[in-house]
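For reference, the structure is listed below as structure tokens.
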Amino acid sequence: MSLENPSTTKPSNLFQRPRRLRRTATLRRMMRETTLTVDDLIYPMFVMEGEGQKVEIASMPGCYRYSLDLLLKEIAEVSQLGINAIALFPVISENKKDNTGTESYNPEGLVQQTVKAIKQAIPEIVVITDVALDPFTTHGHDGLVDENGTILNDPTVEVLVKMALSQAAVGTDFVAPSDMMDGRIGAIRQALDAEGYINVGILAYSAKYASAYYGPFRDALDSAPKFGDKKTYQMDAANAREAIKEVELDIAEGADIVMVKPALAYLDIIHQVRQATQLPIAAYNVSGEYAMIKAAAQRGWIDEKQVILESLTSMKRAGADLILTYFAKEVALMLL
Ligand code: PBG
């Protein structure tokens, strides 16, 4: 007679025992509602000028800025691990930055050269290029700024269109506007179509919040705004209905995939967007979310691997189809 099954004259009146389905690892696998796979992952990567260079980002241990030659090696490796897509961000030297971000649409610029080289060396990897001015402007804002420090919407959209076209010209698979200007998805879609790039997709940063979780990324790119903040274009952290409005606008304007960013503090937004659209949803597990886990793990305060898997699984459970994460390579290795 086992302890769990004492013989008793009194039948149990507990007819539902949820623990029955959690009894063994096999049962738990059978009952699992959400699975994280390598197909869900998009790896954000940083490219810089030069050769033979790989520089770790202090606030993002395990993440590097790569010169193109080493970036190609790294992409070949992550592609071997089964990662389907990378999101590319450039580190632009100060002498190439100006007030209006002209380097962003230089046909021979760092991003353009990098995309060309990736498409030649590893054609199977899906390349997603960022569309926003902050890596290219001396002031670090995502848009053009007037003499009063106001971020100008429509003139910025014109530059973003040039930038997106220059990326399409070198073979990017998706352009990903991360700037939060009004109307940029529609303007970019129209321009891409007019130039014949009907198969270049748009991954729209639709609900992008003005978040303190971007700190380490701005270190990585040296792109922190030199004055003010991004609150006149990125969304207020307190708002949910506004996220649905932004998503609806981007869909109407031609987005192929909509994104919520950051992810962990915005799981409710991912869930609500899931109810609002049939389009694929991406979640951006941003630099600050990465840094928090790394820092606690380095001190031995949390089980890093389990916390990573639990966090990314929660994003999928909330409704995300794709996750941009700096953990992509580590997770691909865990899931092998
Ligand atoms: C800027 C951009 C940011 C990130 C991606 N694109 C930062 C910002 O808006 O200031 C953040 C990514 C991260 O924190 O991991 N266009």
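Just so you know, ligand 1 is whichever comes first in the structure, and atom 1 is the first atom listed for that ligand.
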Could you go through the ring-ring contact (aromatic ring centres under 6.0 Å, His included) check for Y266 and Y209 one step at a time?
CA-CA 9 Å; Y266 299 86; Y209 287 87; 4.2 Å; yes
At a 4.0 Å threshold, what atoms of ligand 1 neighbour a non-hydrogen atom of [X]?
X	result
D142	1 (C), 16 (N)
R218	8 (C), 9 (O), 10 (O)
Y284	12 (C), 15 (O)
K230	8 (C), 9 (O), 10 (O)
A132	16 (N)

Measure from [atom] to every heavy atom in [options] and give the option owning the shortest one.
atom	options	answer
atom 14 (O) of ligand 1	P262, P135, P44, S287	S287
atom 16 (N) of ligand 1	S178, G288, A210, A263	S178
atom 9 (O) of ligand 1	E289, K261, M180, Q234	Q234

Please state which part of V286 comes within less than 4.0 Å of ligand 1, counting heavy atoms only: side chain, backbone, both or neither.
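Looking at V286 and ligand 1, atoms from backbone and side chain both fall under 4.0 Å.
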Starting from atom 1 (C) of ligand 1, which protein heavy atom do you reach first, and at what distance in Å?
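Going atom by atom, the protein heavy atom closest to atom 1 (C) of ligand 1 ends up being D134 OD2, 2.9 Å.
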Can you report which non-hydrogen protein atom sits closest to atom 2 (C) of ligand 1, along with the distance?
K208 NZ, 3.2 Å
Do the numbers put [X] on top of the ring of [Y], so that NZ or CZ is under 6.0 Å from the six-membered ring centre and no more than 45° off the axis?
X	Y	value
K97	F136	no
K162	Y105	yes
K261	Y214	yes

S67 side-chain N/O to Q53 backbone N/O, donor-acceptor pair under 3.5 Å:
yes
Modelled atom types, side-chain donor and acceptor of S206 and E246, under 3.5 Å:
no
Report the relative orientation of the aromatic rings in Y326 and Y290; use parallel for angles under 30°, tilted for 30 to 60°, perpendicular for over 60°.
perpendicular
Less than 6.0 angstrom separating the ring centers of F46 and F217, yes or no?
yes
Y326: heavy atom below 4.0 Å from ligand 1, yes or no?
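In this structure, Y326 qualifies as a contact of ligand 1 - some heavy atom is under 4.0 Å.
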